[in-house]
Amino acid sequence: MTDPVRVRFAPSPTGRLHIGGARTALFNWAFARANDGAFILRVEDTDSERNSEDSLHSILASMRWLGLDWDEGPEAGGAAGPYFQSERRDSYQAGIERGLAEGWLYRCFATSDEIQALRDAHREQKAHGCWASPSRDLDPATAERRAADGESCVLRFRVPLGEEILVRDHIRGEVRFRSDEVEDWVAVRSNGMPTYNFCCALDDDAMRISHVIRGEEHLVNTPKQILLAQAMSLRVPDFAHVPLILGEDGKKLSKRTGDTALGDYIDKGYPPEAMFNFLALLGFSIDDKTTVFNREELLAHFDLKRISKGGALFDTAKLHFLCAEYIRHTEPAELAQRLQPWLDQAGLQPPSMDSEQAGSDSASTSRKPWLETLANAFRERLGLYSELPDKAAFLFSDHVEIDDKAQKALDAEGAQDLLLRLAEALEQEPLFPPADWSAWIKNQAAIMEVGMGKLMKPMRAALSGTLGGPELADILVLLGRDRVLQRLRGASVRS
RNA sequence: GGCCCCAUCGUCUAGUCAGGCCUAGGACACCAGGUUUUCAUCCUGGCGACGGGGGUUCGAAUCCCCCUGGGGUCACCA
């Protein structure tokens with residue numbers, strides 16, 4: 001255990017980063033960072049049919065969004081490269097030749113259909129053990145000749161019979177497999193490119209990977225990789241197979257249940273810190289009572305022993321709680337910055353707050369205080385960044401949508417008159433809004449001899465078109481004197 | 001079906017390795033109150049679990065076995 005900690009996340013660029021993959025990456029990252037180790041990103045692009053450049057970029061972007069920085073890998077470089085398996089073919093070649101020479105790889109000429117038939121028949125019999133390739137015991141010389149003659153074949157790993165394979169797993173303890181249950185898996189495709197199980201074991205050794213932390217679906221691949229490592233006298237890394245993330249229906253997380261790509265959540269305005277926290281909470285806990293934590297706190301406590309064994313349901317309610325929690329605890333200035341893109345995207349232009357004095361200030365400078373006031377006003381009312389444009393629409397448009405309850409408040413007896421008087425009183429004030437708004441409005445209620453509710457409700461309705469929303473004091477500031485007076489008076493004319 | 005993994009509130013989990021400190025703790029959700037000029041926030045309280053059966057033990061959520069249930073895997077994908 002004196003070897004330096006080196007872990008890798010090894011996505012294949014065949015789609016966007018999956019939620020499960022994101023969490024696996026997060027655990028790897030956390031383990032590396034918590035143990036002064038290296039976090040390596042290795043691209044498993046052995047399947048030329050499905051790889052895409054777009055996928056790679058989207059995966060990298062997703063990881064950056066989550067804050068998972070890698071020490072070695074694409075765009076980072078490193079001494080153990082290349083970090084694309086497609087560029088490591090030379091390093092696999094020696095292994096392939098050795099396997100053929102030593103006999104633990106053999107040429108299999110059976111077609112996929114023939115193999116499938118074998119598998120089906122075996123399954124039909126409900127039997128233990130495995131099917132055997134008809135080529136398994138072919139004379140090597142004959143096999144070589146057939147291959148030389150151009151006959152298509154794959155290279156299979158000759159799994160020894162009667163052995164026990166022990167997987168030492170940091171999460172599951174010791175897991176035993178009988179080699180008889182492990183099929184002769186394809187190590188090299190007919191096109192000459194080695195498969196995942198082959199590259200993985202060689203690369204993990206070549207890159208001095210100390211711990212393989214990956215999803216539980218890989219547990220059954222592990223004996224294959226261990227067998228190969230033994231055949232080649234490679235070092236076998238420590239393993240940690242993390243539980244799966246299940247959809248809210250208890251089944252494997254799928255598109256049917258909801259969004260499965262991290263990108264979906266980025267696009268929908270989820271705060272990255274909330275997603276990070278949420279993902280870390282799925283199958284891991286710091287202690288018996290900590291729910292909300294940042295990355296530093298995670299690193300201070302991260303330990304493979306604290307990863308649970310059972311699968312975890314993707315609980316959107318909890319995710320939403322964390323999102324709202326993070327948003328309301330974000331400093332207004334910071335929150336304003338994060339909200340800005342969503343306003344832009346919706347085509348909403350923040351007015352400058354003090355247009356008269358703006359003078360030499362650039363527009364964006366003078367908008368800053370307005371944006372911060374906006375952020376602060378909505379801080380406790382937002383579940384996602386993307387909710388802002390809708391909720392704050394009344395601040396940007398001259399047309400105010402009046403909902404039913406607001407209309408009622410406007411139609412209440414005396415409401416119109418009250419609004420008019422309010423507008424007048426407001427107009428008399430030297431300051432807008434009045435210095436002590438709360439005292440001012442209370443005073444007005446007293447003067448007009450009505451309860452606060454009688455005053456506040458129609459005011460709110462006239463200004464925002466709804467009875468909910470930010471504090472009136474904030475709305476006043478956000479709207480500005482002119483628009484406030486206009487709406488107060490406009491509402492009384494309307495009906 | 002074979003093989004493998006797993007099993008505490010509806011959900012995420014603490015507790016399980018080193019059995020008593022657990023009449024099982026926290027969080028989300030839900031319900032009921034309270035604070036508040038609206039909504040929200042915030043505060044208080046409530047609801048709510050050791051899947052079943054056998055052992056071992058003075059004592060088991062914790063250890064063992066069986067059953068049941070759930071999940072994964074069975075590609076020239078990773």
Side-chain angles (χ1 to χ4, degrees), chain A residues 10-12 14 21 44-47 49-50 108 111-112 115-116 119 122-130 152-156 167 169 171-173 175-178 180-183 185-191 193-197 199-200 214-223 241 243-244 246 248 250-252 278 281-292 305-306 308-322 324-325 328 378-382 391 405 409 437-438 441-442 445 451-453 455-457 459-461 464 466-473:
Chain A
S12 78
T14 54
E44 313 229 310
D45 55 349
T46 61
D47 187 350
E49 307 268 300
R50 310 191 211 202
C108 172
T111 64
S112 303
I115 295 294
Q116 194 54 48
R119 263 196 276 257
H122 184 265
R123 186 169 180 167
E124 198 84 359
Q125 293 164 16
K126 304 179 177 182
H128 297 247
C130 269
S152 176
C153 68
V154 298
L155 264 39
R156 288 186 184 277
V167 178
D169 190 286
I171 296 170
R172 275 147 231 289
V175 183
R176 286 157 216 280
F177 294 86
R178 284 177 299 283
D180 304 44
E181 300 287 348
V182 180
E183 69 170 29
W185 47 280
V186 173
V188 181
R189 298 179 173 86
S190 53
N191 68 6
M193 188 63 184
T195 61
Y196 161 72
N197 284 122
C199 301
C200 182
R214 69 209 329 185
E216 194 188 345
E217 71 268 25
H218 285 293
L219 187 51
V220 291
N221 281 322
T222 311
H241 287 95
L244 262 22
L246 278 11
E248 272 165 329
K251 304 252 159 58
K252 194 178 180 182
F278 176 69
L281 228 35
L282 245 32
F284 173 83
S285 61
I286 283 184
D287 55 32
D288 58 338
K289 44 195 55 160
T290 310
T291 302
V292 181
K305 285 201 216 74
R306 296 209 59 87
S308 46
K309 296 187 179 85
L313 265 58
F314 189 88
D315 180 6
T316 51
K318 184 86 151 218
L319 209 208
H320 287 132
F321 156 76
L322 284 169
E325 180 73 7
R328 61 179 164 256
F378 281 94
R379 213 163 34 100
E380 288 168 352
R381 280 162 260 261
L382 250 31
K391 294 197 171 180
K405 284 182 180 169
W437 163 255
S438 164
I441 190 69
K442 266 180 195 144
M452 290 287 275
L455 208 50
M456 310 288 287
K457 275 191 181 180
M459 189 172 178
R460 212 166 245 298
S464 70
T466 168
L467 261 25
E471 294 186 21
L472 264 178

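In what follows, chains carry the letters A, B, and so on, assigned in the order in which the sequence lines appear, proteins first and then strands, with residues in each chain numbered from 1.
Of the candidates B/C74, B/A78, B/C5, the closest approach to any side-chain atom of A/Glu216 belongs to B/C5. Among the nucleotides B/C12, B/A27, B/C4, the one closest to the side chain of A/Val175 is B/C4. In this structure, the nucleotide among B/C28, B/G1, B/G25 sitting nearest to the side chain of A/Phe321 is B/C28. The side chain of A/Leu281 lies closest to B/C12, out of B/G72, B/C12, B/C5. Comparing B/C3, B/U73, B/C12 by their nearest atom to the side chain of A/Leu313 picks out B/C12.
The partner of B/U62, taking Watson-Crick or G-U wobble pairs whose two distances both stay under 3.5 Å, does not exist in any strand shown. Summarising the base pairing, B/C22 is matched to no nucleotide, lacking a Watson-Crick or G-U wobble pair whose two defining distances lie under 3.5 Å. Using the Watson-Crick or G-U wobble rule with both distances under 3.5 Å, B/A7 pairs with B/U68. Pair assignment for B/C74: B/G1, on the basis of Watson-Crick or G-U wobble contacts that are both within less than 3.5 Å.
A gap of 11 Å separates the C1' atoms of B/A18 and B/U62, to the nearest Å. A distance of about 24 Å separates the C1' atoms of B/C65 and B/A49, rounded to the whole Å.
Both A/Ala473 and A/Thr291 lie near RNA chain B, and the one whose nearest nucleotide falls closer to the 5' end is A/Thr291. Each of A/Asn197 and A/Arg460 has a nearest nucleotide on RNA chain B; the 5'-most of these lies closest to A/Arg460.
The base of B/C76 lies close enough to the side chain of A/Ser190 for a donor and an acceptor atom to sit less than 3.5 Å apart. Residue A/Arg172 places no side-chain atom within donor-acceptor reach of the base of B/C5, judged by atom type and a 3.5 Å distance cut-off alone.
Two residues are said to be in side-chain contact when any heavy atoms from C-beta on lie closer than 4.5 Å; A/Cys200 and A/Arg214 meet this criterion.
Between A/Arg306 and B/G15 there is a side-chain N or O to OP1 or OP2 distance below 4.0 Å. Contact annotation: A/His320 does not reach the phosphate of B/C28 (side-chain N/O to OP1 or OP2, under 4.0 Å). A close approach under 4.0 Å does occur between a side-chain nitrogen or oxygen of A/Arg328 and OP1 or OP2 of B/C42. Taking 4.0 angstrom as the limit, A/Ser112 places none of its side-chain polar atoms (N or O) nearer than this to OP1 or OP2 of B/C76. Put simply, A/Lys309 has no side-chain N or O that comes within less than 4.0 Å of OP1 or OP2 on B/U16. For A/Ser285, a side-chain nitrogen or oxygen approaches OP1 or OP2 of B/A14 to under 4.0 Å.
Judged purely by atom type and a 3.5 angstrom limit, A/Arg189 uses its side chain to pair as donor or acceptor with the backbone of A/Pro194.
Using a 4.0 Å heavy-atom distance criterion, A/Pro11 is classed as making no nucleic acid contact.
We find that NZ of A/Lys305 is positioned 16 Å from C1' of B/G15, with the value rounded to whole Å.
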